[in-house]
Each structure stands twice: as structure tokens, then as C-alpha cells.
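Data block below; observations after.
To find a chain, count down the sequence lines: A is the first, B the second, and so on, and within it residues start at 1.
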Number of protein chains: 2
Amino acid sequence: MIERPKSPQSAAAAEQQLKEPVVFIIDDDLSVRRALTNLFESVGLHVAAFGSAPEMLQQRLPDVASCLVLDIRLPGLSGLDLQTELAKVNIHIPIIFITGHGDIPMTVRAMKGGAVDFLTKPFRDQDLLDAVVKAIEQDRRRREVAKAVAGLKSLFETLTPREREVLALVAAGLMNKQIAAELGLAEITVKIHRGHIMRKMGARSLADLIRMAESLGIGRGKPMPTT
Amino acid sequence: MIERPKSPQSAAAAEQQLKEPVVFIIDDDLSVRRALTNLFESVGLHVAAFGSAPEMLQQRLPDVASCLVLDIRLPGLSGLDLQTELAKVNIHIPIIFITGHGDIPMTVRAMKGGAVDFLTKPFRDQDLLDAVVKAIEQDRRRREVAKAVAGLKSLFETLTPREREVLALVAAGLMNKQIAAELGLAEITVKIHRGHIMRKMGARSLADLIRMAESLGIGRGKPMPTT
DNA sequence: GAGGAGCCCATACGAAGGTTTGTAGTCGCG
DNA sequence: CGCGACTACAAACCTTCGTATGGGCTCCTC
């Protein structure tokens, strides 16, 4: 459950394994990569630059707030394609597109796909920096929420099947005797399950438990769009 | 609390006061308005068309699912400006932009501002219809949620100041005796307030009440981005 | 085949939640 | 000034919750 890779395979991802945000760059033009790298490093941001999408996809993405500065026009897998791919694999890194020759449909598709910003060359360095800072902050918040939910999920998984059933009915607001009837149990049994649930979930009050269940999409909530 | 206007002041808004969705159109070109109106009416959608933004702003917007098809280039108040204005006044109608001469920055601004879609002329009728249908569905869902929250709010407003304090602490998961201590009351008094709260809010269980409090941003929730 | 996990239940008891009935003080308003 | 609201509390009573102790069953694994 707790896994912590100790042998980083990529130099790029390795050095900022800790907590510093990282800006990923994908651009097939080396001089652009260099310029962007310099720009970001000049404000103290860590950078990992790649010449193509596949190069980046091979990497183990570090578990820190990050964003991706992406040229929309790339040989092979285009920027938009990469955006689609990442979404498919459930990687939600915020993307900032840059392009020299973009058009409106491309822009619309990118923004609909959740892009943070879309800049046309030439752009002001400051605009890109602003977008990057904003994107990283957004990713940081997203990761916070995701981590919290993941924590809840792992707690939930320590529950036995029966306990999960009981939890669902508790979250629905039924009384112990109603839950017992529903599941064909004695009330005392429900109480015991309930006690286990509270302890395992680390809930300090019913209000707590209800909110946890809500976050997990149990009882009355609709399933979350995942991490 | 229940208000239902019976004297519609605008013909346009009047005829679909009931439940049919409405497509608003703003375009300074009469022929475009006509064409779009025909297009939408041909698929059974109600339409209200205007030649400029102020014309529409004067209207009483009907309380039904709707969307706005907006030319980005308008004399006076531009489409983007209107989008900004509407956001300021807390009107969240989904907007579909259409334009003949758009550029990417405009597109980005529009999409960042929450636009549903951004079409460039010439576009396929079907694309516009798809966008409109999607936008209306989105608005319908938003209105549902907003209505539910508004209902909760009006219930909450029937609570006395003291009852609200108690509710907050209940939602935080405190026991009656703790709430009593916190507020300098006897436990029995808290129980009585609690009973009133349950009845006034129409909560059928504590789980119910907790979720209501959550929706209202009470206890542990963060304030919602409003309606 | 001993141990553990998961499930079920009884008895017993104390703690917490909730209602009813009745009392009482303060305020503001018509 | 009387009435209604909001507030607060007590006594009495019942329900619901929660836990502890102890017992029993099945299934699976080491």
C-alpha cells in the first residue's frame, strides 16, 4: 500500500523527487526548449524538457505539483493528441499550449480538453510565467484533494463487505434497527459493525463519517469523476 | 417566498414561461438572426433574438433552461464584454460564441470565461445545434442544483440565530453536552433547539441534516461558488 | 489442526439523543 | 398592554447508540 520508489530511472525526474514543483516542456525545437528552460529556471522553477511526446511518456512522472508547457504542433504525436492520451491514462497534469501557427478550432479543442491557457508566439515571457504559476497552483490543489480522497479510499478498503453494506445504510440515515431489518440481522450485530466502521475509518463523530461517505460517493452522493 | 410573475412584460420571454428551453440569439445582422432563428425553430426550439446586447439585458430572463448564441463582434458592447457583464451580475447562462473574424486570444478569453463552444463562420448547422443542445442540458442541470440549494437556503433562513449556532456545532460533530458547554447552555436546551432544527429543515435523519449543512457550506464545507 | 478472519448474536449497562409538558424572562409591535 | 417570537430551563420518560463480555459458526491458510 505504501510504495516508495528508491531507484529513480530518469535524471530529470530524479532531482526533484521531493516537493519542488516541476515544469515539463515538450517542444521539438531545441532552441525553444533551451529558452524556456532558462526562463523557468531564472525564476527558480525546476524544469524537465523533452523533444517529443513519447520521450516524456516514458518517464516516471514525479509525484509533485507540476504542469506541462506543450507545443501544439509536434512531429508524430501532436500536442492535442498528447492531451487526449494523458486524459485517457488519467494523468491530469495542467497543460499550457504554445503555438506559432494555431487556429481557432485547435484552440477550442485544447481549452475544452481542460487546457489552462493557450499562448501564441510571440508571447510575453511574463504571460507564460503567470500561466505556469497558476497551473502549478491548480495542480497542487488538485493533488491535495486527490490525496485526501485516496486516503479515505484506502481506509474504506480495510472494511469487510458486511461493514461496507452497513456503512451505506448508515450514510443513508437509517437507524440501527432499520439497518438490521434491511440486512436480516439483529440490531446488536449492526451496532458492532458500526463500531468497527467508526474505528477503522477513524471517524470521530457520525458527522465525520457521513462526510467521508459523501466524499467516497456512498449513500446519496453521485460517483466522483475520479482522481 | 414563492413568487410567480403573471404579467410577462416581453412577448419574447412570455410565450415560453413554462418549461420549454429557450435559445437566445444576439447578432447585429438581421439576416443571420433570421437564419439562426429558423434553424433552431426547425428542430422545435424556442428562440428569442436580439440585435444588440443591451436589448437583451433589458429583458426579464425567463426561468427556464436556456443558452445564448452570441456573435463575438457586436457594435457597442462586444460579445466578450457581455460575457463579463453577465458573470458580474451572476447570470450563468451558457454561451456559444460564433464569429467570422475571431483570433486566438479572443477564443482563449471566451473559453476561460466559461463559454461552452466557439464556432467560426462558416460552420455546419449540425455543429451549432449540437453545441446548443449540450449547452441547454448543462443549464438544466445547473438550474436543478441551484434550485435545490436555494430551497435549502430558504429553509435555513427560517432558523433563529440561536438555532443556526447550534446547527453549526451539530454539523461539526459535537455532542449535545459539548454544544451546551460551547454556548453556555443547559444540555436540555440544546436538545430542544436541535429538535426545532430538524423539523424546520425537514431533515429526516442526522445524515440528512449533515448533508444539508454541507450543501450550505456550514460546519466543515467551503463556501460554494454560488448560483 | 491450530489460528485467524469474518460473521452472527445474547445479556447487560451506561451514555447520548429526543419529546412532552410546563414555567419564565426579554423584546418589539400594534 | 397583551401577544408573539425568541430564548432558556426542569422533570419525567422513552428510544437509540455504543461498548464490553462471552459464545458460536464457517472458511481458509499455514
Handout entry: Sugar-phosphate only, base, or nothing, as touched by B/Leu185 at under 4.0 Å among non-hydrogen atoms
Key = sugar-phosphate
Practice task
Rounded off to whole Å, could you give me the CD-to-C1' distance for the A/Glu157 and C/dA5 pair?
Solution key: 18 Å
Completion exercise
A/Glu187 atom CD is separated from D/dT15 atom P, nearest whole Å, by 12 Å
Exercise for the section: Using whole Å, report how far CD1 of A/Ile197 lies from P of D/dT19. Expected result: 11 Å
Practice task
Measure from CG on A/Leu206 to P on D/dG18 and round the result to the nearest Å.
Solution key: 7 Å
Handout entry: Under-4.0 Å side-chain N/O to phosphate OP1/OP2 contact, A/Thr160 with C/dC7
Key = yes
Practice task
Identify, between B/Ile188 and B/Glu163, the residue whose nearest nucleotide on DNA chain D lies closer to the 5' end.
Solution key: B/Glu163
Practice task
Please state how far atom CG in A/Leu159 lies from atom C1' in C/dC7, giving the value in whole angstrom units.
Solution key: 15 Å
Practice task
Considering only NZ, NE, NH1 and NH2 on the basic side and carboxylate oxygens on the acidic side, decide whether B/Lys153 and B/Glu157 come within less than 4.0 Å.
Solution key: no
Exercise for the section: Given side chain to side chain contact (heavy atoms under 4.5 Å, CB included), test B/Val190 with B/Leu183 step by step and report yes or no. Expected result: CA-CA 9 Å; B/Val190 174; B/Leu183 299 178; 5.6 Å; no
Exercise for the section: Taking only the side-chain nitrogens and oxygens of A/Lys191, find out if one of them lies under 4.0 Å from OP1 or OP2 of D/dT16. Expected result: no
Completion exercise
Looking only at heavy atoms, the pair that brings A/Pro21 and A/Ile136 closest together is CB-CG2, 3.7 Å
Practice task
For A/Gln59 and A/Met56, indicate whether the former's side chain and the latter's backbone hold a donor-acceptor pair under 3.5 Å.
Solution key: no
Exercise for the section: Whole angstrom is fine here: how far is it from NZ in B/Lys177 over to P in C/dG18? Expected result: 14 Å
Exercise for the section: Output yes when at least one side-chain N/O atom of A/Asn176 is less than 4.0 Å from OP1 or OP2 of D/dT16, else no. Expected result: no
Problem - Atom-pair distance (NE2 on B/His196; P on D/dT7), nearest Å - result: 10 Å
Handout entry: Carboxylate-amine/guanidinium proximity below 4.0 Å for B/Asp81 and B/Arg109
Key = yes
Handout entry: Below 4.0 Å: OP1/OP2 of C/dC8 and any side-chain N or O of A/His193
Key = yes
Problem - Whichever of A/Gly195 and B/Thr189 has its nearest DNA chain D nucleotide further upstream toward 5' - result: B/Thr189
Handout entry: C/dT19 phosphate, OP1 or OP2, under 4.0 Å from B/Arg199 side-chain N/O
Key = yes
Fill in the blank from the handout: From CZ of B/Arg162 across to C1' of D/dA5 the rounded distance in Å is 15 Å
